[in-house]
Structure formats: C-alpha cells, structure tokens
Amino acid sequence: MTIRRLSIALVSFAALLVAAPGLRAQCPEEPRFDNHSGAGSTVCPCFVEGEHAGAQFTLPAGEFPIEILRVGIGWGSLMGGTPAQLEDSLNIYEGGLPDPGPPVFSLAGPEMNDGFINEFDLEPQPGEIIVNSSPFTVTLRFLNDNNFDPNLPSVVHDGTGCQFGKNVVFAIPGGWTDGCFLGIGGQWVFYVVYRKAECGAVGAGAVPDGRFVVGLPMTASLEPDGKVTLDWSPSCNAGDTDFEVYEGTIRFFYNHDSRFCSTGGATTISFNPIGGSTYYLVVPHDGTQEGSYGVDSNDVERPQGGFACRTQQIGTCP
C-alpha cells in the first residue's frame, strides 16, 4: 500500500555595531513511527457511524514532549477503486486504553482514498500538537457505515496477528476497547511522524551584543601599527568552542566574506584590514556548524557570509 500525501563590528576604523542573538532552532524530525509491521493489508468493513479505529503508540520516555507533525492511515476496499470519501474526524489523544480521554486535536472531514496510506500534514494547523507521555492514541472516527459490506472501503490491518496494547476501537455499544478482544487479525495501518518539542541547544549560538545576549559586547580598536584588534565575550552556547571572523566593506551591506575560520578558541584577534572602511562579524561555531551573524535594525537575521566556513544552524541562547 503506497502513501498518498494529501556578532558584528563595524569599523570605519572606529565605529562599532554589535551582534544580536540567534533564532530558536527547531528540533529535527524523527523517523516515522509505525503501529504496523506487515506489508500486507486486510480490509475491515466492520464499523458504523460514530465508531473509531485507531492505534495506541508507546515511545521511550526520553522522547517526550513531542510535537505531532503528520499522521498516516491505511484505507482500502476488497476490490479497490471506490471513490474518495470524507469521514468524520482524525483525532489525537494524550492518553491510552482503557480510556484515552478527550482529544487534544481533531481534524474534521479527512478525505480517505482507496488503496493508499493517506497521510495528513498537521504542521500547518494552528498551534502545536504536543503530547507529553506514552501511551498516546490516534484514531479515525467514521461518518459512513461500512459494516458487513465487503465492497465498502474501511481501515486496514497488516494481517500479522493482533498484539495487545496497539489497536484501539471505540464500539457502539461497548465504548473503548483493545482491538484484539474483537478478533482483529493484525495491527491497524497507522503511523505518526513527530519531532521532540525540547531538544536543548541545537546548533551554535551568538556572541554577546549588549542588548539581547548577556555579556560584554565586542569592541574594535585601531592599533598604532595599523592593525585592527577585535575583542568579544564567549558565545551564549557553552558548546561553542571557537569563532570565525567575517569582513565586509561599509556602504555595501551585506558583502562580508570569511576572513578567519578559526581563532583557536581565542576571544581576541589582531590583523591587517583589507583597507578602506570595513565592518566585521564574529560568529561562534561548535566544530561542525556556525551560529548567528546577529540581526539588523529590523531584528532580521543577517545573511550568511561568502565563502562560509561551515554550514549554519542557529541554536537558542539561554
């Protein structure tokens, strides 16, 4: 069954403009988590309006809290080719059996297409769908009766033998129950895609700017021998162990190119400028990724420099 997818110094040999903090980085998307394991699919035309079929998901405690991004639901019929139809709702619950409680999210009128794992992208929905612990439950609530008619489309299972604690049914009458007690011969074909809601400092941070990031802001001075000396405080992220320096020409913002891709971990550097009126950005890195170049007067992140030393991933300043 295939898936259908529904810091900175401006030196005019004196002037200084400091860096601002990095933007918050989102946690990376985790691999798809399936309720099912088999490749096959067996249709269960066994539901009436108002009943639910769904999956109870159990993840390691260290994953939580999580944000649900997408949900997949297998849907089919015995002969295939039935028209797409709207069912009542897709629902996410923060609890599990024997009663998952009220839903924390509902998507009304999901369109189900025969012969596909129908994937619903929930990320554009208002707000974040946060689940704080296992088990949690995802269900499809039926609008259309399909009971006792093998030619009508319905949810499907993988036919691998029912495992307790994975399949959820809301029956009328009977209420919530484990699908194994009703004779289901496999796991409902459901999956979720999620990311952790809290993953700590991802990526590199920013040097102090005297405004948003705590610490002494960077200073720039012109030495008697014509060199420029930059001094700055450590990055807001403790995992950043080194720094890069970018140099550009004033009046041509932003045209900065990498000048030094490492200071050896030092928070000061002296060097000969390219000449004319120049500006400098000091960008922290964690050995793999570089962080924030600061923001402009409109609080918009400055662009990455030319000949960038590393890929950029901006982490969160405490």
Side-chain angles (χ1 to χ4, degrees), residues 7-29 199 201-223 225-317:
S7 122
I8 185 168
L10 284 174
V11 182
S12 205
F13 285 45
L16 179 68
L17 192 137
V18 295
L23 301 175
R24 177 178 174 82
Q26 286 185 324
C27 300
E29 182 179 298
C199 51
V202 177
V207 299
D209 65 350
R211 187 160 67 109
F212 294 111
V213 183
V214 177
L216 295 175
M218 183 168 66
T219 61
S221 58
L222 181 62
E223 306 297 340
D225 60 2
K227 290 184 177 180
V228 171
T229 297
L230 305 179
D231 292 279
W232 61 91
S233 298
S235 170
C236 65
N237 281 350
D240 298 340
T241 57
D242 202 356
F243 303 89
E244 307 159 350
V245 177
Y246 287 81
E247 183 176 49
T249 302
I250 292 178
R251 295 189 301 274
F252 296 99
F253 298 115
Y254 289 106
N255 61 2
H256 43 272
D257 292 329
S258 57
R259 180 69 189 267
F260 302 99
C261 286
S262 173
T263 66
T267 56
T268 184
I269 191 170
S270 296
F271 55 92
N272 290 312
I274 58 176
S277 296
T278 55
Y279 71 95
Y280 298 92
L281 301 103
V282 172
V283 181
H285 72 79
D286 60 8
T288 303
Q289 301 168 121
E290 66 178 20
S292 175
Y293 287 64
V295 297
D296 62 19
S297 58
N298 294 316
D299 291 337
V300 176
E301 184 74 26
R302 294 187 180 93
Q304 194 171 21
F307 306 103
C309 298
R310 292 165 180 80
T311 59
Q312 185 182 44
Q313 179 65 61
I314 303 173
T316 305
C317 287

Discussion item. Going by the rule salt bridge (Lys or Arg N to Asp or Glu O under 4.0 Å), which residues pair with Glu290 if we only count those two or more places apart in sequence or in a different chain?
Written reply: none
Got a sec, which pairs hit salt bridge (Lys or Arg N to Asp or Glu O under 4.0 Å) with one end in [range], sequence neighbours left out?
| range | result |
| --- | --- |
| residues 260-279 | none |
| residues 265-275 | none |
| residues 266-279 | none |
| residues 256-267 | Glu247-Arg259 |

Response to the item:
Separation between OG (Ser258) and CZ (Arg310), nearest 0.5 Å, reads 10.0 Å
Worksheet item: Parallel, tilted or perpendicular: which fits the ring planes of Tyr246 and Tyr293, with parallel below 30° and perpendicular above 60°?
Response: tilted
Flag, side chain of [X] to backbone of [Y], donor-acceptor distance under 3.5 Å:
| X | Y | result |
| --- | --- | --- |
| Tyr279 | His256 | yes |
| Asp286 | Gly239 | no |
| Ser292 | Gly294 | yes |
| Asp296 | Asn298 | yes |
| Asn237 | Asp240 | no |

Which atom of [X] lies closest to which atom of [Y], heavy atoms considered:
| X | Y | result |
| --- | --- | --- |
| Thr311 | Gln304 | C-NE2, 4.0 Å |
| Tyr280 | Met218 | O-CE, 4.2 Å |
| Ala204 | Pro284 | CB-O, 3.7 Å |

Practice prompt. Apply ring pair (Phe, Tyr, Trp, His ring centres under 6.0 Å) to His285 and list each qualifying residue two or more places apart in sequence or on a separate chain.
Written response: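 His285: no ring pair (Phe, Tyr, Trp, His ring centres under 6.0 Å) contacts found.
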Worksheet entry | Non-neighbouring partners of Ser233 that pass side chain to side chain contact (heavy atoms under 4.5 Å, CB included), sequence neighbours left out | Pro208, Leu216
Using distance only, find each side-chain donor-acceptor pair of residues 263-273 under 3.5 Å and give its atom names and separation, not counting sequence neighbours.
residue: Thr263; atom: OG1; partner: Asp242; partner atom: OD1; Å: 3.3
residue: Thr263; atom: OG1; partner: Ala266; partner atom: N; Å: 3.3
residue: Thr263; atom: OG1; partner: Ala266; partner atom: O; Å: 2.7
residue: Thr268; atom: OG1; partner: Leu230; partner atom: O; Å: 3.0
residue: Thr268; atom: OG1; partner: Asp231; partner atom: OD1; Å: 2.7
residue: Ser270; atom: OG; partner: Thr229; partner atom: OG1; Å: 2.6

Worksheet item: What disulfide (SG to SG under 2.5 Å) pairs are there with at least one residue in residues 257-315, not counting sequence neighbours?
Response: Cys261-Cys309
